[in-house]
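When a ligand or atom number is given, it counts from 1 through the structure's own listing order.
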Amino acid sequence: MKNILFVASESTPFIKTGGLADVVGSLPKCFDKEKYDCRVILPKYMCMSEEWKSKMNYVTHFYMDLGWRSQYVGVLEMQYDGVQFYFIDNEYYFSGSKPYGNIYQDIEKFAFFSKAALSALPSIGFRPDIVHCHDWQTGLIPVMLKDKFPENEFYRGIKSVITIHNLKFQGVWDVKTVRDLTGLPSYYFTPDKLEAYGDANYLKGGIVYADAVTTVSDTYAEEIKTPFYGERLDGLMRARSNSLRGIVNGIDYDVWNPDTDPLIDHHYNAKNFRKEKIKNKRALQRELGLEQNDSRFMVGIVSRLTDQKGFDLIAHMMDEMCQNDIQIVVLGTGDEKYENMFRHFAWKYQGKVSANIFYSEALSHKVYAACDAFLMPSLFEPCGLSQIISLRYGTVPIVRETGGLKDTVQPYNQYESTGTGFSFANYNAHEMYYTIQHAMEVYHSKKREWNKLIDRGMAMDYSWNSSARKYEEMYDWLAGC
Ligand code: ADP
């Protein structure tokens, strides 16, 4: 039996701001339970819903040094869906209305969380063989595991992995503050270790010190070795390329299943979608005040509204797009300029564009179920889950060929009748528009071909089955090192 510990800043169903939460919430239960005891440590955010907080059980508490401070660490626990979760409690750090706030607060918050997660292990009575860290928030853990912790017998020999879900976010702050906070000696703050371009960089520390580094698709693993996608760490990614691998994300097939999904109005599957899926479209048209018309090409967007996701291309083409026989449904929050852009077009094209500028799990399921196509023209995309969910819901993805989008969506080939979606290569608004038009043309005038695209998409397997085995192989390899 190998003990694996996930340490992460978010996880479904407790707290979610993006795809990271989906991964942490769904991967641990997919490991072979006979061979791996995988547990998860999260912060106990005050903003978690009462439903979850009330079910957590107190385990222990202690005081921990953090630089010159001594801080309270509470530990709570809860079993969920067969997985043991632990929560680190500290009201000073985790009382915000959102998991993340200002970066200077987050820098201290996650230095605390990383050290607290490791410090809590002896009192929990769980000694991991491997600590699996996720993103910059836990980047200090591989560093700490190499620093003071090995002085204690308990920690000696623990291996670490870091998974990069998004290289753009690195956790950067000035060296002096981070040195004070963490108590790490100056030795670590050099450009071959924690420092990058004069500042302390948590993610870099994790990448340098972890025994293995993974990211969430093969293509992204290659892309981040280049300056365009490397976010100024491409040199480091090239240097670590022997220890870097891409393992594509899966989705939770129990949660995302159009045949059983309690959040959608009409269930359907790969056999009956031709008749049943459209009922969801009708229901959503009614709910959102869109024109009631079966033949409108309904395009969905469920996303953080940021530059990464290609919204400047969409902004550029919205007027043109709306000249077509189309409906556009947006669900998302993020940059004000994009929130207002969609509000504007919803006002300008009433009945055609619906802008839902908020976060809603329930509405997201309805959008995936109702739409004909899903638009995701990302500038970069480490993996992307929305296009995978779309495939599962018979909603044809229209994507740019980058990162995980390239790895999970096969472009439609009309001559060979292959492919599961539509894609374009260059980050160019007109290329995106022509691709949407092509999809629209197939939808309107070659319905059989369109339905076959859906057949092929729904037949793809992006459950965790094969990717969980790849993580297991990596754990076995690491444990044997
Ligand atoms: P990222 O992690 O970069 O935000 P992903 O595609 O990997 O992008 O994951 C995004 C996840 O967040 C998907 O599960 C998507 O459905 C969900 N999501 C994004 N915005 C919203 C929203 N406003 N309401 C509900 N779910 C959302």
Side-chain angles (χ1 to χ4, degrees), residues 8-27 49 98-100 134-137 163-169 215-217 219-220 224 229 231 246-258 261 263-264 284 288 300-311 329-336 338-339 342-343 354-371 374-393 395 397-400 402-409 421 462 464 467:
S9 56
E10 50 181 288
S11 170
T12 57
F14 309 105
I15 191 90
K16 168 169 165 177
T17 72
L20 168 63
D22 293 282
V23 174
V24 178
S26 58
L27 176 55
S49 91
K98 290 185 289 186
Y100 314 124
H134 297 270
D135 275 353
W136 76 263
Q137 290 87 349
T163 295
I164 304 166
H165 296 263
N166 195 333
L167 189 62
K168 191 172 181 67
F169 306 115
T215 186
V216 287
S217 70
T219 296
Y220 193 62
I224 55 179
Y229 293 100
E231 305 290 348
I247 302 178
V248 74
N249 286 337
I251 53 169
D252 189 329
Y253 266 33
D254 298 332
V255 172
W256 300 105
N257 180 357
D261 188 337
L263 297 174
I264 67 175
L284 194 65
L288 300 180
I301 295 170
V302 179
S303 182
R304 291 185 291 118
L305 303 179
T306 65
D307 290 332
Q308 177 199 331
K309 303 289 179 176
F311 285 107
V329 178
V330 180
L331 171 63
T333 57
D335 294 356
E336 216 166 298
Y338 294 130
E339 294 187 343
F342 283 118
R343 287 190 184 109
S354 168
N356 304 279
I357 310 302
F358 48 80
Y359 187 92
S360 163
E361 204 64 35
L363 185 57
S364 76
H365 286 240
K366 290 181 185 178
V367 174
Y368 290 117
C371 289
F374 191 90
L375 181 60
M376 211 167 163
S378 304
L379 174 63
F380 68 94
E381 196 59 74
C383 178
L385 296 175
S386 295
Q387 84 283 8
I388 297 177
I389 300 169
S390 297
L391 288 169
R392 174 96 165 134
Y393 278 65
T395 302
I398 302 173
V399 303
R400 190 171 92 83
T402 184
L405 297 174
K406 188 172 175 188
D407 294 350
T408 55
V409 178
Y462 286 111
W464 277 107
S467 292

Item to check | Donor-acceptor under 3.5 Å (D135 side chain, H165 main chain) | outcome: yes

Item to check | Check: P397 main-chain N/O paired with S390 side-chain donor or acceptor under 3.5 Å | outcome: no

Checklist outcome for this item: for atom 4 (O) of ligand 1, nearest protein heavy atom and its distance come out as R304 NE, 2.7 Å

Checklist entry - What residue and heavy atom of the protein are closest to atom 22 (C) of ligand 1, and at what distance? => result Y359 CD1, 3.4 Å

Item to check | Those atoms of ligand 1 less than 4.0 Å from some heavy atom in G332 | outcome: 23 (N)

Checklist entry - Going from CD1 on I388 to OG1 on T408, what distance comes out if it is rounded to the nearest 0.5 angstrom? => result 5.0 Å

Checklist entry - Does F374 have its ring centroid less than 6.0 Å away from the ring centroid of Y368? => result yes

Next on the checklist: Tell me whether S360 has any N or O atom under 3.5 angstrom from an N or O of ligand 1.
Outcome noted: yes

Next on the checklist: Please tell me whether Y462 and Q387 have a donor and an acceptor in their side chains that are separated by less than 3.5 angstrom.
Outcome noted: no

Checklist entry - When only distance counts, is E361 in polar contact with ligand 1, meaning an N/O pair under 3.5 Å? => result no

Next on the checklist: Give me the residue, atom name and distance of the protein heavy atom closest to atom 11 (C) of ligand 1.
Outcome noted: D22 OD2, 3.8 Å

Item to check | Contact with ligand 1 for S303, non-hydrogen, under 4.0 angstrom | outcome: yes

Checklist entry - To the nearest 0.1 Å, how far is atom 10 (C) of ligand 1 from its closest protein heavy atom, and which atom is that? => result G19 N, 3.8 Å

Checklist entry - Considering only heavy atoms, does S386 approach ligand 1 within less than 4.0 Å through its side chain, its backbone, both, or neither? => result both

Checklist entry - Who's the nearest protein heavy-atom neighbour of atom 23 (N) of ligand 1, and how far? => result F358 O, 3.0 Å

Checklist entry - Which residue supplies the protein heavy atom nearest to atom 18 (N) of ligand 1, what is that atom called, and how far is it? => result V302 CG1, 3.8 Å

Next on the checklist: Please determine whether side chain to side chain contact (heavy atoms under 4.5 Å, CB included) holds for the pair V367 and Y393, giving the CA-CA distance in whole Å, both sets of side-chain angles, and the decisive distance to 0.1 Å.
Outcome noted: CA-CA 10 Å; V367 174; Y393 278 65; over 6 Å; no

Next on the checklist: Please list, in number order, the atoms of ligand 1 under 4.0 Å from a heavy atom of G18.
Outcome noted: 2 (O), 4 (O)

Item to check | Residue and atom name of the nearest protein heavy atom (relative to atom 6 (O) of ligand 1), distance in Å to one decimal | outcome: L385 N, 2.9 Å

Item to check | side chain to side chain contact (heavy atoms under 4.5 Å, CB included) between L385 and W256, worked out | outcome: CA-CA 11 Å; L385 296 175; W256 300 105; over 6 Å; no

Checklist entry - What atoms in ligand 1 come closer than 4.0 Å to a heavy atom of Y368? => result 15 (C), 16 (O)

Checklist outcome for this item: Quick look: K309 vs ligand 1, heavy-atom contacts under 4.0 Å, and the answer is side chain

Item to check | CA sep, side-chain torsions, deciding dist, call: Q308, N166, side chain to side chain contact (heavy atoms under 4.5 Å, CB included) | outcome: CA-CA 10 Å; Q308 177 199 331; N166 195 333; 3.2 Å; yes

Checklist outcome for this item: S364 heavy atoms within 4.0 Å reach ligand 1 at atoms 25 (C), 26 (N)

Checklist entry - What pairs with D407 under salt bridge (charged side-chain N to carboxylate O under 4.0 Å, His left out), at least two apart in sequence or on another chain? => result none

Checklist entry - Does the pair N356 and V329 meet the rule for a side chain to side chain contact (heavy atoms under 4.5 Å, CB included), with working shown? => result CA-CA 8 Å; N356 304 279; V329 178; 4.1 Å; yes

Next on the checklist: Among all the protein's non-hydrogen atoms, which is closest to atom 14 (O) of ligand 1, and how far away is it?
Outcome noted: K16 NZ, 3.0 Å

Checklist entry - side-chain hydrogen bond (donor to acceptor under 3.5 Å, both in side chains) with E381: which of K309, K406, R400? => result K309

